[in-house]
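Remarks on the structure that follows.
Side chains included, hydrogens not; waters and symmetry mates left out as well; all remaining heavy atoms used. Model, not experiment: these values are computed from the prediction.
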Amino acid sequence: FTCQNSICVDPDNSDGDKGETDDKTDHENSDSSENNPDEYEHPDGNEYPDGNNDVVENKCNLGEICWKVVPTQQKRCFNDTGSTGCSSIADSFYGQDGNYAPSTGRGFENIKIGEKFFVLDNLTQMLWNKKSSETEISHSEAVSFCENLNKTSEGEKENWRLPYLQELVSLFHFDESVDPAVDGFYFPDMKLGKYWTNNKFGYDSYFYVDFSGQNQFYTDDETSENYAICVSSVYQYDSDRKFNRWEQLTTGDVTVKDRLTDLVWIKPDYQYRLWKEALSYCEKLDYADKTDWRLPNVNEVHSLTTYGINHEKQTTFPDLGINFYWTSTTNANDIKNAWVVLFKYGTLNPILPKDSNVNQIRTICVRDH
């Protein structure tokens with residue numbers, strides 16, 4: 001076993017196999033920076049690197065993703081109206097999420113700490129409490145629900161809190177058509193419905209994630225009632241936004257590298273396409289001396305968001321705008337629709353049809369670095 005942050009992982013089970021391991025804790029290293037995320041420092045002794053161009057390990061900007069993009073778990077392929085085998089998908093629909101689905105597991109692992117089991121996400125290094133609230137509660141009650149875990153040092157942790165929006169979306173199973181849209185083996189207590197996040201929008205509203213997969217992930221007034229689930233995270237979010245995510249690369253054509261995810265993007269054009277046209281456009285694109293462009297999946301497009309800047313634009317990506325953008329991910333609950341991201345409010349929307357574009361949905365293409 002290798003241990004980090006009081007969590008021990010079996011290296012042979014790190015690919016997400018549904019195994020259970022005993023709790024092991026390395027108390028001898030409890031004072032090291034590896035086990036105390038509050039003490040992470042840049043190697044040169046400065047808390048932040050010169051130029052603010054590099055992301056210090058386990059530190060990143062508040063309102064942004066802080067890890068490599070996780071798989072959506074969508075492995076099926078679809079046309080406008082039905083599902084079909086990914087190996088036999090027609091050229092006009094090639095390039096969707098299922099065509100690029102990784103063969104490895106999602107990365108969840110059951111970890112026993114004390115007498116209870118928790119879920120370690122090996123891809124994000126976040127620890128999740130398996131038990132969610134029994135009933136829908138207000139946002140302040142949801143905050144207290146997680147704080148109560150700290151009072152009892154649940155799982156030997158005292159940093160339990162509500163997840164941020166990107167953190168909670170990382171649990172969403174985008175190929176799940178049986179409610180709720182989450183891996184039920186690891187999260188058997190998750191309820192069908194909306195779950196609160198820590199991301200505030202406006203004066204008294206907070207984002208939620210709807211695990212029914214039937215509605216956009218939007219906001220509710222803090223007095224509304226949704227479910228709650230808690231996370232213990234190693235990441236230290238900087239509210240001053242110290243890190244410059246975007247690096248513009250020029251090889252004849254301008255591309256943008258995301259230093260947080262290592263993905264490389266083209267700047268979007270202003271044409272409005274149908275879903276299959278967006279797929280084809282990226283697949284056939286020859287740009288910046290590269291031909292391996294593709295339409296990004298919903299988690300990749302969502303990774304471009306930066307919440308909390310203002311109420312009218314939830315991204316800092318250069319020249320992105322506030323529009324809807326296609327993703328390569330189909331709504332598994334209603335396959336005539338694809339997931340889209342609206343950057344004006346940073347919402348994920350599953351109810352826009354693939355064969356129509358009355359919402360002026362735009363296209364952005366991505367490639368792995």
Side-chain angles (χ1 to χ4, degrees), residues 2-11 13-19 21 34-38 40 55-74 101-102 104-111 113 117-130 132 146 149 155 157 159-176 181-183 185-187 190 195 197-199 207 209 211 217 229-238 243 245 258-263 296-307 329 348 368:
T2 57
C3 298
Q4 181 180 16
N5 303 301
S6 300
I7 303 169
C8 293
V9 181
D10 183 353
N13 193 35
S14 61
D15 61 354
D17 291 344
K18 299 178 180 180
T21 64
E34 182 180 62
N35 290 283
N36 187 348
D38 290 332
Y40 282 115
V55 179
V56 179
E57 183 180 7
N58 286 6
K59 285 195 175 183
C60 55
N61 295 332
L62 183 65
E64 295 182 334
I65 191 173
C66 204
W67 52 86
K68 299 295 188 290
V69 177
V70 300
T72 65
Q73 305 178 78
Q74 185 161 107
T104 56
R106 169 58 184 79
F108 295 130
E109 183 179 358
N110 283 315
I111 299 292
I113 304 176
F117 280 95
F118 301 83
V119 180
L120 173 66
D121 187 342
N122 284 293
L123 298 186
T124 66
Q125 290 303 301
M126 290 183 291
L127 186 71
W128 294 88
N129 191 28
K130 279 180 171 286
S132 60
C146 294
L149 299 181
K157 299 289 184 181
N159 63 344
W160 294 101
R161 58 169 172 76
L162 284 178
Y164 289 105
L165 181 57
Q166 291 97 332
E167 294 172 336
L168 191 54
V169 172
S170 75
L171 301 186
F172 199 93
H173 195 313
F174 286 93
D175 206 26
E176 186 61 77
V182 68
D183 190 321
F185 178 85
Y186 294 103
F187 298 95
M190 291 283 284
Y195 276 75
T197 79
N198 231 350
N199 285 83
F207 280 94
V209 172
F211 281 91
F217 303 168
I229 190 170
C230 308
V231 67
S232 171
S233 173
V234 299
Y235 297 104
Q236 303 299 297
Y237 294 103
D238 196 311
F243 305 108
R245 292 182 62 176
D258 186 346
R259 294 187 177 97
L260 288 175
T261 66
D262 286 337
L263 294 173
N297 65 46
V298 61
N299 283 346
E300 290 170 329
V301 179
H302 188 220
S303 76
L304 299 180
T305 52
T306 298
Y307 292 96
T329 306
L348 284 69
D368 298 315

For Leu62, side chain to side chain contact (heavy atoms under 4.5 Å, CB included) partners two or more places apart: Tyr164, Tyr237, Ser239
salt_bridge(Asp238, Lys59) N-O dist < 4.0 Å: no
Trp67 vs Gln125, side chain to side chain contact (heavy atoms under 4.5 Å, CB included): CA-CA, chis, key distance, verdict: CA-CA 9 Å; Trp67 52 86; Gln125 290 303 301; over 6 Å; no
Does the side chain of [X] reach to within under 4.5 Å of the side chain of [Y], using non-hydrogen atoms?
X: Val119; Y: Asn110; result: yes
X: Val209; Y: Leu165; result: yes
X: Met126; Y: Pro163; result: no

Trace of the side chain to side chain contact (heavy atoms under 4.5 Å, CB included) decision for Arg161 with Ser233: CA-CA 9 Å; Arg161 58 169 172 76; Ser233 173; 3.3 Å; yes
Residues Ile65, Arg245; criterion side chain to side chain contact (heavy atoms under 4.5 Å, CB included); working and verdict: CA-CA 11 Å; Ile65 191 173; Arg245 292 182 62 176; 4.0 Å; yes
For Asn61, all residues meeting side-chain hydrogen bond (donor to acceptor under 3.5 Å, both in side chains), sequence neighbours excluded: Glu64
Sequence-distant partners of Tyr195, ring pair (Phe, Tyr, Trp, His ring centres under 6.0 Å), two or more places apart: Phe211, Tyr227
Worked verdict on Thr261 versus Glu300 for side chain to side chain contact (heavy atoms under 4.5 Å, CB included): CA-CA 9 Å; Thr261 66; Glu300 290 170 329; over 6 Å; no
Between Phe108 and Trp128, ring centroids under 6.0 Å: no
